[in-house]
Amino acid sequence: QVQLVESGGGLVQTGDSLRLSCAGSGRTFSRYAMGWFRQAPGKEREFVAGITRSGGDTRYVDSVKGRFTISRDNAKNTVYLQMNGLKPEDTAVYYCASRPFLQESRIAREYDYWGRGTQVTVSL
């Protein structure tokens with residue numbers, strides 16, 4: 001079992017940066033591919049970024065390509081989401097999630113463990 005705790009959210013202005021962290025418990029963190037998802041009020045949960053369990057491959061939703069970077073440090077049991085050039089449409093609760101496979105997935109139901117989320121609010 002993996003427990004995930006997100007941190008690093010906050011209220012920022014358009015164009016600012018934030019780095020989200022997701023700390024995982026357990027000795028098997030490196031066996032899990034990881035994903036970041038977000039959910040804005042009244043909208044479905046959306047895939048943002050994913051990373052393979054080794055960290056060797058990543059992918060992103062088109063709306064964040066070139067602005068967001070996902071990375072992981074398996075020695076620290078932590079996955080990060082560096083967010084640059086934030087826009088008001090990035091406002092959402094951001095969740096990290098894990099799945100016990102090599103590859104990440106864009107599909108939320110294919111992840112088995114989730115954190116409680118961290119709020120990101122981008123003002124004009």
Side-chain angles (χ1 to χ4, degrees):
Q1 186 173 359
V2 177
Q3 292 183 327
L4 303 172
V5 179
E6 303 95 337
S7 62
L11 172 62
V12 297
Q13 295 183 329
T14 297
D16 285 351
S17 298
L18 280 175
R19 188 176 81 156
L20 306 183
S21 298
C22 172
S25 64
R27 297 175 291 176
T28 60
F29 183 79
S30 62
R31 297 182 184 177
Y32 291 80
M34 301 295 295
W36 282 99
F37 289 75
R38 65 188 179 186
Q39 188 165 19
K43 295 187 176 181
E44 293 187 353
R45 193 165 296 190
E46 173 190 37
F47 171 82
V48 176
I51 189 166
T52 56
R53 60 188 184 190
S54 69
D57 194 18
T58 58
R59 59 175 168 172
Y60 303 88
V61 67
D62 286 347
S63 60
V64 308
K65 284 181 180 177
R67 299 189 297 124
F68 291 12
T69 303
I70 187 171
S71 62
R72 67 189 296 162
D73 184 340
N74 286 339
K76 296 182 178 180
N77 284 6
T78 302
V79 63
Y80 304 97
L81 185 67
Q82 177 67 43
M83 306 187 295
N84 299 328
L86 283 161
K87 305 176 181 180
E89 51 263 44
D90 295 318
T91 295
V93 177
Y94 283 71
Y95 300 90
C96 68
S98 66
R99 62 192 302 265
F101 296 99
L102 171 64
Q103 294 288 341
E104 81 295 348
S105 169
R106 294 176 179 267
I107 302 172
R109 66 176 179 272
E110 295 187 355
Y111 289 79
D112 50 1
Y113 295 109
W114 292 79
R116 293 187 176 183
T118 184
Q119 177 71 48
V120 172
T121 304
V122 185
S123 64
L124 291 170

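The structure places OG of Ser63 at 8.5 Å from CD of Glu89, a figure rounded to the nearest 0.5 Å. Note that CE of Met34 is 11.5 Å distant from CG of Leu81, once rounded to the nearest 0.5 Å.
When atom types are taken as modelled, the side chain of Thr78 and the backbone of Gly24 share no donor-acceptor pair closer than 3.5 angstrom. Checked by atom type and distance alone, the side chain of Thr91 pairs as donor or acceptor with a backbone atom of Val122 at under 3.5 Å.
Using a 4.5 Å heavy-atom threshold, the side chains of Glu6 and Leu20 count as separate. Using a 4.5 Å cut-off on side-chain heavy atoms (C-beta onward), Gln39 and Tyr95 make contact.
Leu4 and Ser98 get closest at one heavy-atom pair: CD1-N, 3.9 Å. Shown here for Gly10 and Leu18, the closest heavy-atom pair between the two residues is N-CD1, 4.0 Å. The two residues Asn74 and Ser30 make their nearest non-hydrogen contact at ND2-CB, 3.6 Å.
For residues 23-92, no residue pair satisfies the disulfide bond (SG atoms under 2.5 Å apart) rule, not counting sequence neighbours. Among residue pairs with one or both ends in residues 9-24, those qualifying as side-chain hydrogen bond (donor to acceptor under 3.5 Å, both in side chains) are Ser17-Asn84; sequence neighbours excluded. Among pairs with a residue in residues 64-85, none fulfils ring pair (Phe, Tyr, Trp, His ring centres under 6.0 Å), at least two apart in sequence or across chains. Listed by first and then second residue, the disulfide bond (SG atoms under 2.5 Å apart) pairs involving residues 42-120 are Cys22-Cys96 (not counting sequence neighbours). Screening residues 66-79 for salt bridge (charged side-chain N to carboxylate O under 4.0 Å, His left out) gives Arg67-Asp90 as the qualifying pairs, with residues at least two apart or on separate chains.
For Thr58, the side chain to side chain contact (heavy atoms under 4.5 Å, CB included) criterion is met by Ile51, Tyr60, Ile70, not counting sequence neighbours. Every residue meeting the side-chain hydrogen bond (donor to acceptor under 3.5 Å, both in side chains) condition with Glu46, not counting sequence neighbours, appears here in chain and number order: Arg38. Under the side-chain hydrogen bond (donor to acceptor under 3.5 Å, both in side chains) criterion, Arg53 pairs with no residue, sequence neighbours left out. Applying the side chain to side chain contact (heavy atoms under 4.5 Å, CB included) test to Arg59 and every residue at least two apart in sequence or in another chain returns Phe47, Glu104, Arg106. Qualifying salt bridge (charged side-chain N to carboxylate O under 4.0 Å, His left out) partners for Lys65, counting only residues two or more places apart in sequence or in other chains: Asp62. Annotation: side chain to side chain contact (heavy atoms under 4.5 Å, CB included) contacts of Ser25 (sequence neighbours excluded): Gln3.
Under a hydrophobic clustering in which Ile, Leu, Val, Met, Phe, Trp and Tyr are joined whenever their side-chain heavy atoms come within less than 4.5 Å, directly or via other members, Phe29 and Phe101 fall into different clusters.
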Validation: residues 108-117 side-chain donor-acceptor distances under 3.5 Å, sequence neighbours left out:
unit_1	atom_1	unit_2	atom_2	d
Glu110	OE1	Ser105	OG	2.7
Tyr111	OH	Ser105	N	2.9
Tyr111	OH	Ser105	O	2.6

